[in-house]
Amino acid sequence: MSTLPLLKERTSQIHRKGTAPFELDCNKDSLAGAVSQRACVFCGSRVVLYPIADALHLVHGPIGCAVYTWDIRGALSSGPELHRLSFSTDLQELDVIFGGEKKLEKALDELIDRHRPKAAFVYSTCIVGLIGDDLEAVCKKVSAAKGIPVLPVQSEGFKGNKRAGYEAACQAMGRLVGTGDTEGIGRHSINILGDFNLAGEIWLIREYFTRMGIEVIANITGDGRVEDIRRCHGAALNVVQCSGATMDLANMMRERYGIPAVRVSYFGVEDMAEALYTVARHFGDPAMMDKARALVKAELATLLPELARYRKALAGKKAAIYVGGAFKAFSLVKAFRLIGMDVVMVGSQTGTKEDYLELAEITDLGTIIVDDSNPLELSSFLKEKDVDVFVGGVKERPIAYKLGVAFCDHNHERKEMLAGFAGMLNFVREVYGSVMSPVWKFVPRRMEKRS
Amino acid sequence: MSKMPHYTATTNACKLCRPLGASIAFRGIEGCVPFLHGSQGCATYMRRYIISHFNEPIDIASSSLGEKNAIYGGGPNLKLGLKNVTAKYAPRLIGVATTCLTETIGDNVPMILAEYAREFGQADSPFLVQVSTPSYAGTHMEGFHGAVKAVVEQLAEATAPHGGLNLLCGFVSPADIRWLRSVMDDFGLPATILPDYSDTLDGPALLDYPLIPEGGTPLADIRKMGGARATVELGATLPAETGGTVLAQRGVKLYRTGLPVGIRATDDFLELLAAISGRDIPGHHLAARGRLVDAMVDGHKYIFGKRAVVYGEEDLVAGLAGMLAEIGVHPVLCASGGKSGRMAEGVAAAIRGLDCAMPTVLEDVDFYDIEGQAKELGVDLVVGHSKGYAFARRENLPLIRVGFPIHDRIGGQRILHLGYQGAQGLFDLITNTVIEKKQSDSPVGYSYM
C-alpha cells in the first residue's frame, strides 16, 4: 500500500530546512482523526508528579486512567515506592450520576490510613470535570482530618494537551513549596527540576553536583520526597531540565521567593558539561568552577576514547528523533553530531515556536522538522530519508521496527541511564547495539536494496 | 461465592477500560480503523498499552475533543475526525467507540453518524459501526463483546443460507486464532472467525508502513453471517446479549462452549465441531491428545497438589482453572476485575468431576484483594498476565504468563492457550517452572530432576 498525501491541515506543522524561510505552526490542539502521538492533560500531570515516591497518587475517575499509568515510568526511588502503585476511585455509573465526592473521601481515608503517605495528590480526570465534583473541598477536608497535605491536580484530560498537565502539576507542587523548614540550608544550594530519575539518572547528576561542593535540597521530581519539596524554597538556585515540565514551578518560585533559575540539559557531552559550568558560573565561585572543570576533564578522559571506537562504526549513519519535549531533541542533535551521525528528521509532541527555531538553527539543510506528528507521517519520513536509527518512545518503536529500522528508546519507560557522561556512553551503546544488529539483513527494506 | 471485604479504593486494578476491548476487536476486522470518540489521551494510552504487548503498530484514531467540545458537544470533531481518517487511511470500516467523556456529555453518536453519512456519504465511503463503551460501566471484556455484537448487528445482512459457520472466538491470542482457523479447515468448515487479529496484530516485517495491516475478518463474510448454519461462541461467562444471540434472533443456531483450554474443554469443542460438520475428529488432533496425556503422566508427580492463583478475564480464568485441575494443580483462588456474575458457575463447570475442591472465586477484585487472599490461602504458583508480577515477586512465587497483557516479555501474541497443543505448551511450561524453582532453590545443584 502506498502512503496517501498529508492532510492539508498538517502541512503547516512540517518544515524542511532550506526549502523556505523557517515557519512552523505549533502549540495547537491535535487534529481529530490524525492519530496524534500525544496524550492528554492528565498524562502531563501524571508524568511530572509520578516519581514523588512517598506521596499517594490517587486518580479520581473511571479505571482506565489509573490502569494505563500503573508503574509506567522507570523512575527509581532510593526508599519508599508508593508511586509504583496504581490507585483509583474506579468511578461507576451511579457515581457519575450522583457525584463521586463521597467515594473520593472514603478512598482517601482508606488509602491514607493504609499507606501513611507524606502527602496525597488527587488527579482529576475528564469525567470529574464534567460531573462537577468539588475536589478542592474534599481535599481540604481530608487534609484537615489526616494532617497531611492533600492536593487536587486539575488534570481533566480534555482541557488541553500535555503542557496544560505540566502546569497543573506545577500548581499542585507549588502548594507544597514554602511549607517546610529551611534552616541549615547553605549558600551553594540547588534544586534539581525536571529530572525524573529514570534508571537512576538523578543519582548520577547529584553526585556531579556534590563533587563540585553543591548541596542539593530537592529532587523535583525524580526520587522525590514531599519533605524536600516543602523546604525547597530555601535553595539558592533552581536548575531546570526538560523544556516544559517544571519551568512553571521555577517561574513561580522566582516570583514568590526570588529564586533564580537556569535551564540545562544532562544529555550529551556538551550539554552535560555546560550544565555544570552554568551552575558554577551562577555561584561565581572560582574554586567551584575549577572543580567542575576537573570533573569534566576526568570524565571525558575515560569517555572520549570509548566514543571514538563507536564513532568509527556509526559515522555517516542517519538518525531520526521524535520526542515529547523539544529540549531533549537539542541535546540529541548534538550527541549524534559528536559521533558523526546525521540527524535527518527531528520533531516533538509539544515544542514551542522558539524550540523549533532553535532546532532549525542547529540542524543541517534538508532536515525535516515536525510538530505533533503521527504514525503515517513518521513512517513516511523514515522511508524518505532512509533512516538508520529512530529515537523515540514506546509508541514510536513499532513504527521503526515494522519498517526494519533500528530504534533507541529515549522516553520515560526506558531502563537505561542516558544522562550524564556515563549516560552518553550508554546512549551510544544503545544506538550501536540496534544499528549494528544482523537482523536488518533480513528485513524487506535492506533485502530489496541488495537485489 | 465468597466475597472480600469491599474496599472503596481500587489498588492495582485487574481489569482495563471498556474502549480498549472495543479497539482490539475492531482491529480484527478487514480494513477497519478503530476510532475513539473522546479526548486524545484515551487513544494514545490504549495504543501504548496494546503496543507493549503485541509489539505491533496499532493506530487508533481519536476525535481529540477539547474543552469547547465538551461543553458544546463533540459532533463536529467526530465528523472532522471521520473525514480525516477516511482521507488518510482509506478504510473500509471505521469502528467508533465512545468514552466516558462523550457518554457523560450525552453525544448521540448514532445520530451524528447518520448525519455524517447524509452530509458526506458517497458510494465508496467506509462503513461506520458504533458501540457504546462508557468506561465507568464494565471492563474491556464488555467493550470487546460489545464491539463484536455491534459489528454483527450493524453489518450482517439478510442472506440466503450457506453452509458456513460463525465462530465468535472471544479475546484470545493471535496464535489461538490461527489454531482455530486450522481446526475449522480440518473439519472442512468454511468459518467466519470474528474478530480475527491474527495477522493485524502479529504481522510480518514490511517494506512500507501499512495504512491498515492486511488481514482481519473479511467484511463480505461478516455481511453473510446471518446465512450460516450455526454460530459457535466461546466463553463460559458471556453476557446475556452478544453477537451470537443477535444472530440467533435471526435464526442462526447458537452453540456456546467454554474456551477450549485443557483436555476436556478441547474435547467438547472438537466434538461440537464434529457434530456440526458431520465429520470425525481428524487423526492429528487425536495424536496431539495422545501426546498430551502421555506428557501429563510423565510430569504429574512434579506438580501434584500445587496450589495456584489464577486471575484475568473471567472466560480465560474459568478455562485455566479446568486445565489446572486436570493436571493435578489446585486452583485455590480464581479472581477477576470483571463482574459477570457467572465466573463461579464457569469455574465449577470446568472442574466438575476432577476431585478438585471448589476454589475461592472472586469477581470485581483488584490486585490488593488478590494478593491478600492468595497469602491467606497459601499458593505455590501465580497464573495470569504480567500485571501479577509485582506480587509474585514479593511473595517469591513463579509467574506463569498467559493472556493479556504481557508487558515484560516478548511474544505474548504467540502464546497458544487453546487446543491440545495449547494445553501441551502450558503443561510443559508449568511443570518446568516448578522443576526449575525446586532446582534453583536446592543447594545440591541436581543435574537430573
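Just so it is clear: chains get the letters A, B, ... in the order the sequence lines come, proteins before strands, and each one is counted from 1.
- For chain B, the option among A:Cys126, A:Ala66, A:Gly61, A:Cys43 with the highest count of heavy-atom pairs below 4.5 Å is A:Cys43.
- Relative orientation of the B:Phe367 and A:Trp70 rings is tilted, given thresholds of 30° and 60° on the angle between their planes.
- With a 4.5 angstrom heavy-atom cutoff, A:Ile72 touches chain B only via side-chain atoms.
- In this structure, the side chains of A:Ser77 and A:His83 come closer than 4.5 Å at one or more pairs of heavy atoms.
- Highest contact tally toward chain B, considering only A:Arg84, A:Arg38, A:Lys103, is held by A:Arg38 [criterion: heavy-atom pairs under 4.5 Å].
- Neither the backbone nor the side chain of B:Lys68 comes within less than 4.5 Å of any heavy atom of chain A.
- In this structure, the separation between OG on B:Ser62 and CE on B:Met46 is 9.5 Å, given to the nearest 0.5 Å.
- Under 4.0 Å is where a charged nitrogen must lie from a carboxylate oxygen, and between A:Lys146 and A:Asp113 at least one such pair does.
- Salt-bridge check for B:Glu371 with B:Arg394: passed, with a basic side-chain N closer than 4.0 Å to an acidic carboxylate O.
- Residue contact with chain B, scored on non-hydrogen atoms closer than 4.5 Å, is absent for A:Glu156.
- The interface of residues 394-403 of chain A with chain B, defined by heavy-atom distances below 4.5 Å, comprises A:Val394, A:Lys395, A:Arg397, A:Pro398, A:Ile399, A:Lys402, A:Leu403.
- Chain B forms more heavy-atom pairs under 4.5 Å with one residue of A:Leu31, A:Thr125, A:Asp29 than with any other, namely A:Leu31.
- Ranked by heavy-atom pairs shorter than 4.5 Å toward chain B, the options A:Lys162, A:Glu9, A:Glu413 are led by A:Glu413.
- Only the side chain of A:Asn374 has a heavy atom closer than 4.5 Å to any heavy atom of chain B.
- Within the 4.5 angstrom heavy-atom criterion, no atom of A:Leu58 approaches chain B.
- Per-residue heavy-atom pair counts under 4.5 Å with chain A were compared for B:Pro204, B:Ala390, B:Ala137, and the maximum is reached by B:Pro204.
- Using a 4.5 Å heavy-atom cutoff, the side chains of A:Leu56 and A:Phe121 are not in contact.
- Interface remark: B:Ser39 contributes side-chain atoms only to the contact with chain A (heavy atom separation under 4.5 Å).
- Residues B:His140 and B:Phe404 keep their aromatic ring centres 6.0 Å or farther apart.
- Proximity to chain A is absent for every atom of B:Lys79, based on heavy atoms less than 4.5 angstrom apart.
- Here CG of A:Leu91 is found 12.0 Å from CD1 of A:Ile97. Values are rounded to the nearest 0.5 Å.
- Heavy atoms closer than 4.5 Å to chain A are found in both the backbone and the side chain of B:Leu101.
- Counting heavy atoms from C-beta outward, B:Ile51 and B:Ile58 have side chains that approach closer than 4.5 Å.
- Taking the six-membered ring where tryptophan is involved, the planes of B:Phe120 and B:Tyr116 are tilted, since the angle between them lies from 30° to 60°.
- When the candidates B:Asn12, B:Asn84, B:Thr44, B:Ile71 are compared by the number of heavy-atom contacts under 4.5 Å with chain A, B:Asn12 comes out ahead.
- A heavy-atom distance below 4.5 Å is not found between the side chains of A:Tyr50 and A:His412.
- Only the backbone of B:Leu65 comes within contact range of chain A, with heavy atoms under 4.5 Å apart.
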- Task: Begin from the C-alpha positions of A:Gln92 and A:Asp95 and carry the test side-chain hydrogen bond (donor to acceptor under 3.5 Å, both in side chains) through to its verdict.
- Result: CA-CA 5 Å; A:Gln92 299 295 305; A:Asp95 305 318; 5.9 Å; no
- Task: Take B:Leu20 and A:Tyr68 through the side-chain contact (heavy atoms from CB on, under 4.5 Å) test and state the conclusion after the steps.
- Result: CA-CA 11 Å; B:Leu20 182 136; A:Tyr68 303 129; 3.3 Å; yes
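- For B:Arg47, the part sitting under 4.5 Å from any heavy atom of chain A is the side chain, from C-beta outward, and nothing else.
- Residue contact with chain B, scored on non-hydrogen atoms closer than 4.5 Å, involves the side chain of A:Leu111 exclusively.
- Both the backbone and the side chain of B:Pro57 come within less than 4.5 Å of a heavy atom of chain A.
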- Message: What verdict does the side-chain contact (heavy atoms from CB on, under 4.5 Å) test give for B:Tyr89 and A:Leu376, after you've listed the backbone C-alpha separation in whole Å, the side-chain angles of each residue and the deciding distance to 0.1 Å?
- Response: CA-CA 9 Å; B:Tyr89 285 85; A:Leu376 294 190; 3.7 Å; yes
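- Both the backbone and the side chain of B:Ala13 come within less than 4.5 Å of a heavy atom of chain A.
- Taking the six-membered ring for Trp and the full ring otherwise, A:His115 and A:Phe87 have centroids separated by under 6.0 Å.
- Interface remark: A:Thr69 contributes side-chain atoms only to the contact with chain B (heavy atom separation under 4.5 Å).
- Cation-pi geometry between A:Arg114 and B:Tyr368 is satisfied (NZ or CZ under 6.0 Å from the ring centre, within 45° of the ring normal).
- If you measure heavy-atom distances from A:Val67 to chain B, the contacts under 4.5 Å come from both the backbone and the side chain.
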- Message: Evaluate B:Phe35 against B:Leu78 for side-chain contact (heavy atoms from CB on, under 4.5 Å), listing each step before the verdict.
- Response: CA-CA 9 Å; B:Phe35 188 115; B:Leu78 173 53; 3.5 Å; yes
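- For the options A:Gly157, A:Gly64, A:Cys40, A:Ala32, heavy-atom pairs under 4.5 Å to chain B are most numerous at A:Ala32.
- Residues B:His37 and B:Val109 have side chains in contact (heavy-atom distance under 4.5 Å, counting atoms from C-beta outward).
- Counting heavy-atom pairs closer than 4.5 Å to chain A, the top residue among B:Gly138, B:Ser52, B:Ser135, B:Gly66 is B:Gly66.
- In terms of heavy-atom pairs under 4.5 angstrom with chain A, the leader among B:Asp366, B:Thr104, B:Asn55 is B:Thr104.
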